[in-house]
Amino acid sequence: MPYSDYKKFVRWENTVNLDKVSNYADFDPLKYLFSFDMPAYDISVEAVYEPCGIFINGVELKDGDYLPSGAAAATKEKPASGGYAYFNNRVLTLDNFTCTSGGMSLYQGYDDSAIILIPGSCDIILKGKNVLTGVGEDVSGIYTESAFYDKATDYELEGGNINITAENDASLELMGISEYGIYTDEGKLTVNGGTITINSINRSFSVGDIDVKNCTLNLYNDNYRCISCVDGLFEASAINLESKAEGIYGYGCTFNNCDLSIKSVYSYGIYGSNQKVIFNGGTYNIDSNYSAIEAHTVEINDGVFNLTAKSNSISGKVITINSGIISCVSVSTYGSSVYASDILTINGGIINIKAVIPENGTGSAGNIYAYRFIMNDGYLSCESDSECCLGEIKYFFDYYGGQLKLKANGTSTKAWCCTEFYDKSAGVTKKAGTSADGTSLTDFDIANAASYKYVEFSKPITATIKNVDNPPSVNFKAGDKI
């Protein structure tokens, strides 16, 4: 809905085509409005609207209105000094504006309120340092009113879009927020430049799509997730999130050269649901109580990752790593550092994975779980204190190149735990069985043993290797390479 369409109902107005009324001075339309004796006059009843403004601390700002910091009424005169808010043509400018408020009620009969209430969409321009402080319970910071309805048609408007643009190093702080920081219902939130800091109890951002560029986000949530969105695009931004639940909960997110830090006390770091999460460069430090990154499809094209999780560091149905420097540590009595319920593909990068059993704990955590594991290139190091070093490759391991190093700590840790191997380039199926201690490989068919010279084990391995020369069984000492 265009900005100009956001209007509020004022009154009903009756109009009459005077050309068809002979004695219109005595004409009373209400006399005939509900009568069966309506004369043949050209009469219409129309709803009258006026442009809808916005509300700050319960004060309505219409086009051309200023609200000085701390004021209780709007004015048409620009303040000579001090901060202010200015509204015109669906653009709200906050210039060193401060406001402490319990907010304006969102719904009649409910306690929810918002410091800035926006019927429909709005552009927000930030200048200088702006601080909005909530007082009391159930107070949101900025809220696009999805329940703002048209009395004439009983049509309920959807939450609008909010576009925030910061001039120079401008900032916005939302403090003491006991509900949402910024809420747009299904509308889109766009942030370009500046710094936004939010301390909230409910979601810091609860939006439809979100587009964040060249800015700094500091979001602290004391009860729920920081960012809840549909599609998310984050570019060249510094993002710091601390939450009790998910850091980011979306249905598809792309990160381009971001510096992202997430601390999730009880849940996921990034949760992409049944959609795709893509990383194209940047630095990502995630510490989560569950999976650090989880989505249907996870694609890492580049970047530096330090992931610590109580469950899986990276989890999805399809996981592809093309490049990057990735460190995964899973401190868990279950799960795997990298868990792909379907296919894990490594095409490059430097990947160090470690599975750690918590102190005084027991379990079967491993480094990698995959239905099928394809390694084309790159460096993969797997170290484990748990059941098996590599992990559980359920059916197929396609090895075409790269370096694979397995380090098993502790006497009970298996160095190798796979079911079947398959290599299209060799044209044969490699079937591998493991002994109880994970130190034996049988019928490990290799067309070219030299291509596996970078596979290294930390424990002695007995393997039957069959290639064109058909050598006998070989015993590998710890540290030997195939």
Side-chain angles (χ1 to χ4, degrees), residues 181 197-201 203-205 212 216-229 232 234 237-250 253 255 257-273 277-279 281-295 298-300 302-316 319 321 324-340 349-361 363 365-369 381-386 391:
T197 301
I198 299 177
N199 280 281
S200 63
I201 292 180
R203 285 163 273 192
S204 303
F205 289 162
V212 174
T216 298
L217 296 181
N218 301 305
L219 308 181
Y220 308 100
N221 192 284
D222 196 43
N223 186 56
Y224 206 37
R225 61 182 67 125
C226 285
I227 298 176
S228 179
C229 64
F234 303 86
S237 296
I239 304 171
N240 303 294
L241 310 177
E242 292 186 14
S243 66
K244 291 292 179 66
E246 300 87 355
I248 300 175
Y249 186 108
C253 294
F255 300 87
N257 297 308
C258 290
D259 185 354
L260 173 65
S261 175
I262 297 178
K263 172 65 176 178
S264 175
V265 177
Y266 296 125
S267 191
Y268 303 90
I270 298 173
Y271 182 74
S273 188
V277 175
I278 303 173
F279 299 91
T283 301
Y284 304 87
N285 298 299
I286 303 176
D287 185 355
S288 70
N289 191 66
Y290 202 61
S291 296
I293 301 170
E294 180 164 323
V298 178
E299 180 181 311
I300 297 177
D302 201 2
V304 177
F305 296 79
N306 296 294
L307 310 176
T308 301
K310 294 295 193 298
S311 181
N312 312 309
S313 294
I314 303 174
S315 178
I319 300 173
I321 300 174
I325 300 173
I326 303 168
S327 173
C328 299
V329 177
S330 291
V331 183
S332 174
T333 56
Y334 61 92
S336 301
S337 293
V338 177
Y339 182 97
I350 299 173
I351 306 154
N352 294 287
I353 302 175
K354 186 174 183 179
V356 179
I357 292 294
E359 186 176 355
N360 300 324
N367 279 295
I368 292 176
Y369 175 97
S381 173
C382 296
E383 181 178 353
S384 181
D385 296 335
S386 57

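Side chains are part of it too, since the values below use all heavy atoms of this structure and drop only hydrogens, waters and symmetry mates.
Considering every non-hydrogen atom in both Glu246 and Ser267, the closest pair reads OE2-OG, 3.4 Å. Nearest heavy-atom pair, Gly247 versus Ile262, reported as atom, atom and distance to 0.1 Å: CA-CG2, 4.0 Å. Across every non-hydrogen atom of Ser313 and Ala292, the tightest pair is O-CB, 3.2 Å. For the residue pair Gly269 and Ile286, the shortest heavy atom distance occurs at CA-CG2, 3.9 Å. Taking every heavy atom of both residues into account, Ile319 and Tyr339 meet most closely at CD1-O, 3.3 Å. Across every non-hydrogen atom of Ser243 and Cys226, the tightest pair is CB-SG, 3.6 Å.
None of Ser327, Ser337, Cys328 except one satisfies the side-chain contact (heavy atoms from CB on, under 4.5 Å) rule with Leu307; the exception is Cys328.
Rounded to the nearest 0.5 Å, atoms CD (Glu242) and CG (Asn199) are 9.5 Å apart. Here the straight-line distance linking atom CG of Asn306 with atom OG of Ser261 works out to 10.0 Å at 0.5 Å rounding. Atoms CG and CG, from Asp302 and Asn257 in turn, are 8.0 Å apart once rounded to the nearest 0.5 Å. Atom OH in Tyr224 sits 12.5 Å away from atom OG in Ser204 (nearest 0.5 Å).
The cationic atom of Arg225 (NZ for Lys, CZ for Arg) lies less than 6.0 Å from the six-membered ring centre of Tyr249 and within 45° of the ring axis.
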How far apart are the C-alpha atoms of Ile239 and Phe234, what are their side-chain angles, what is the distance that settles it, and do they pass the side chain to side chain contact (heavy atoms under 4.5 Å, CB included) test?
CA-CA 9 Å; Ile239 304 171; Phe234 303 86; 3.7 Å; yes

Assess the residue pair Lys244 and Asp222 against the criterion (side chain to side chain contact (heavy atoms under 4.5 Å, CB included)); give the C-alpha distance rounded to whole Å, side-chain angles, the decisive distance to 0.1 Å, and a yes or no.
CA-CA 6 Å; Lys244 291 292 179 66; Asp222 196 43; 3.8 Å; yes

Audit row: Leu217, Val212, side chain to side chain contact (heavy atoms under 4.5 Å, CB included) steps and yes/no:
CA-CA 9 Å; Leu217 296 181; Val212 174; 4.1 Å; yes

Between Ile321 and Ile326, does a side chain to side chain contact (heavy atoms under 4.5 Å, CB included) hold up when you go through it step by step?
CA-CA 9 Å; Ile321 300 174; Ile326 303 168; 3.6 Å; yes

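Between the side chain of Ser315 and the main chain of Ser291, no donor-acceptor pair closer than 3.5 Å is present. Side-chain atoms of Ser330 come within 3.5 Å of backbone atoms of Ser311 as a donor-acceptor pair (strictly under, hydrogens ignored).
Using bins of under 30°, 30° to 60° and over 60° for the plane-to-plane angle, the ring pair Tyr268/Tyr290 lands in the perpendicular bin. Taking the six-membered ring for Trp and thresholds of 30 and 60 degrees, Tyr284 and Phe255 have ring planes more than 60 degrees apart, a perpendicular arrangement.
With contacts defined as side-chain heavy-atom distances shorter than 4.5 Å, the pair Leu241/Ile248 qualifies. Side-chain contact check for Phe305 versus Ile300: some heavy-atom pair is nearer than 4.5 Å. Taking the side chain as every heavy atom from C-beta outward, Asn240 and Leu219 never approach each other to under 4.5 Å.
With sequence neighbours left out, the ring-ring contact (aromatic ring centres under 6.0 Å, His included) criterion links Phe205 to no other residue.
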